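Keep in mind that what you see is a predicted model, and the values were worked out from it rather than measured. In listed order, ligands and their atoms are each counted from 1.
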Amino acid sequence: MDFSYTPEQDAFRATLRAWLEKTSRETLGRGGDAMGASTASLLDVRDDAQWNKMREYHRKLYEAGYAALHWPVEWGGSGAGVIEQSIYQDEVLRLGLPLYGCNQLALDRIGPTIALMGTEEQRKRFLPKMLTGEEIWCQGYSEPNAGSDLAGLQTRAVLEGDNFVVNGQKVWTSLAHRADWQVLLVRTDPSAPKHKGISYLLVDMHSPGITVRPLVQITGESGFNEVFYDNVRVPKENLVGELNQGWQVSIATLMYERVSGGTRHPIERTISELVELAKSIDFQGVPAREHPYVRQRLAQFVSESRCLRLSRYRSLSAQLRGRVPGPESSFGKLFATELNLRVAMFADELLGAYGALEGGMAAVERGKWAHRTLAARGLTIAAGSSEIQHNIIGERVLKLPKG
Ligand SMILES: Cc1cc2nc3c(=O)[nH]c(=O)nc-3n(C[C@H](O)[C@H](O)[C@H](O)COP(=O)(O)OP(=O)(O)OC[C@H]3O[C@@H](n4cnc5c(N)ncnc54)[C@H](O)[C@@H]3O)c2cc1C
């Protein structure tokens with residue numbers, strides 16, 4: 001495989017890099033990290049000023065043609081090639097910026113699902129405003145008794161005339177407090193086997209009967225919510241796919257989500273910061289950078305992050321060939337989020353007791369590593385926990401017997 005770039009690709013990178021540096025500085029302040037963007041799904045978007053900056057950044061991303069570089073032209077994207085997409089990902093992650101501006105769920109999973117499985121009217125109605133960031137999306141899958149066992153969901157929708165009437169509750173809904181629209185999994189046939197009676201709806205979050213309540217995470221931020229539905233009316237044309245066949249549609253969204261979960265973490269940047277940390281502190285009485293155990297761990301992290309980058313290139317190639325990602329997307333999601341957690345925990349090990357401090361005079365780098373360790377655990381749970389990814393890889397990729 002040839003990993004060298006053509007002069008045109010080098011020029012694309014240089015232009016993009018200059019644009020990203022200038023635009024993120026002008027709109028977000030110090031760049032992505034100022035926004036906590038390295039944990040994009042946990043972004044503390046309660047803060048209106050931060051959120052408005054993100055929207056402004058998204059608008060510029062869209063105007064410059066970078067918001068959906070990865071979407072085909074017929075969906076309104078830029079239809080960029082694999083190499084340009086991988087350059088985009090490299091450069092955005094290098095700066096710790098979010099890959100999809102402020103509309104991550106729309107651009108990485110919901111838009112592609114509607115484009116592949118929705119009607120022409122749904123594509124025309126919803127895709128353009130996802131791109132511009134005018135309509136923000138969230139994903140209503142999990143319920144208090146349906147997370148890993150998602151097909152056990154109980155939120156009910158009954159067709160009455162031209163509308164579904166929805167009653168029930170979702171939980172852990174990221175961005176619900178900012179969202180204009182939601183993809184919602186509902187039970188439409190309670191008598192059918194559990195995977196067969198589910199439908200996939202597009203719901204206006206401003207509809208009467210929807211109540212959104214924030215949940216506070218271990219980091220103190222509150223990026224996700226409980227959402228309650230009390231006789232919410234959803235037009236029947238907002239059904240994606242067939243009635244009671246929503247499970248297949250939901251799986252497509254989940255596969256896209258897992259690809260994104262394996263690609264959107266700026267892990268190489270985090271590891272470079274860890275190397276810098278090791279250069280600046282002592283460990284067991286010697287400079288950390290000279291300690292053989294520290295050097296071994298750092299080298300291992302760097303090697304693993306390079307493997308992750310290569311596997312990112314592979315899934316980009318597959319998607320560009322129009323393939324809906326399959327169960328193999330679990331590898332990237334599992335590996336990226338677990339590596340991210342191990343890196344943060346190793347920083348804590350290096351820092352010893354100081355690693356527990358998130359603020360105050362003695363906190364190292366303003367408590368950045370303590371915050372990262374707390375946030376990193378959530379990413380191993382979101383989009384299917386690590387245990388569930390192991391099960392999928394065992395059963396659906398390696399074809400092992402069910403446990
Ligand atoms: C940061 C974050 C953002 C999220 N955003 C959203 C969102 O926007 N929309 C949404 O719908 N949901 C969201 N979620 C919810 C997420 O999808 C669920 O938390 C996840 O699927 C796990 O479900 P659960 O919390 O109900 O845990 P449970 O399913 O109750 O699992 C509890 C424990 O049991 C283990 N376990 C369960 N079943 C098995 C099994 N068969 N084999 C082995 N181990 C098993 C799990 O690994 C876990 O350790 C988010 C979660 C997080 C952390």
Asks: Please confirm whether F126 and W137 have ring centers closer than 6.0 angstrom.
Replies: yes
Asks: In ligand 1, which numbered atoms sit nearer than 4.0 Å to a non-hydrogen atom of F224?
Replies: 1 (C), 2 (C), 3 (C), 4 (C), 52 (C)
Asks: Check each atom of ligand 1 against the heavy atoms of Y141 and keep those under 4.0 Å away; list them by number with element.
Replies: 11 (O)
Asks: So for ligand 1, is W172 a polar contact partner (N or O within less than 3.5 Å, distance only)?
Replies: yes
Asks: What atoms of ligand 1 come closer than 4.0 angstrom to any heavy atom of Q139?
Replies: 7 (C), 8 (O), 9 (N), 10 (C), 11 (O)
Asks: Please identify which atoms of ligand 1 are closer than 4.0 Å to at least one heavy atom of N391.
Replies: 40 (C), 41 (N), 42 (N), 43 (C)
Asks: Under 4.0 Å, heavy-atom basis, I'd like to know which part of L150 is in contact with ligand 1: side chain, backbone, both or neither.
Replies: neither
Asks: Is it the case that the side chain of H390 and the backbone of S386 share a donor-acceptor pair, with hydrogens and angles ignored and the cut-off at 3.5 Å?
Replies: yes
Asks: With a cut-off of 4.0 Å, which atoms of ligand 1 are near a heavy atom of I388?
Replies: 38 (N), 39 (C), 40 (C), 41 (N)
Asks: Specify side chain, backbone, both or neither for L379, according to which of its non-hydrogen atoms lie closer than 4.0 Å to ligand 1.
Replies: neither
Asks: Centre-to-centre under 6.0 Å for W172 and Y141, is that the case here?
Replies: no
Asks: Would you find a donor on one side and an acceptor on the other, under 3.5 Å apart, between the side chain of E143 and the backbone of T155?
Replies: yes
Asks: Just distance, no hydrogens or angles: give the donor-acceptor pairs under 3.5 Å from side chains in residues 235-245, sequence neighbours left out.
Replies:
unit_1 : atom_1 : unit_2 : atom_2 : d
N238   : ND2    : L202   : O      : 2.9
N244   : OD1    : T188   : OG1    : 2.6

Asks: Return yes if a side-chain donor-acceptor contact under 3.5 Å exists between T173 and N225, otherwise no.
Replies: no
Asks: May I ask you to identify, for S385, whether its side chain, its backbone, both or neither come under 4.0 Å of ligand 1 on a heavy-atom basis?
Replies: side chain
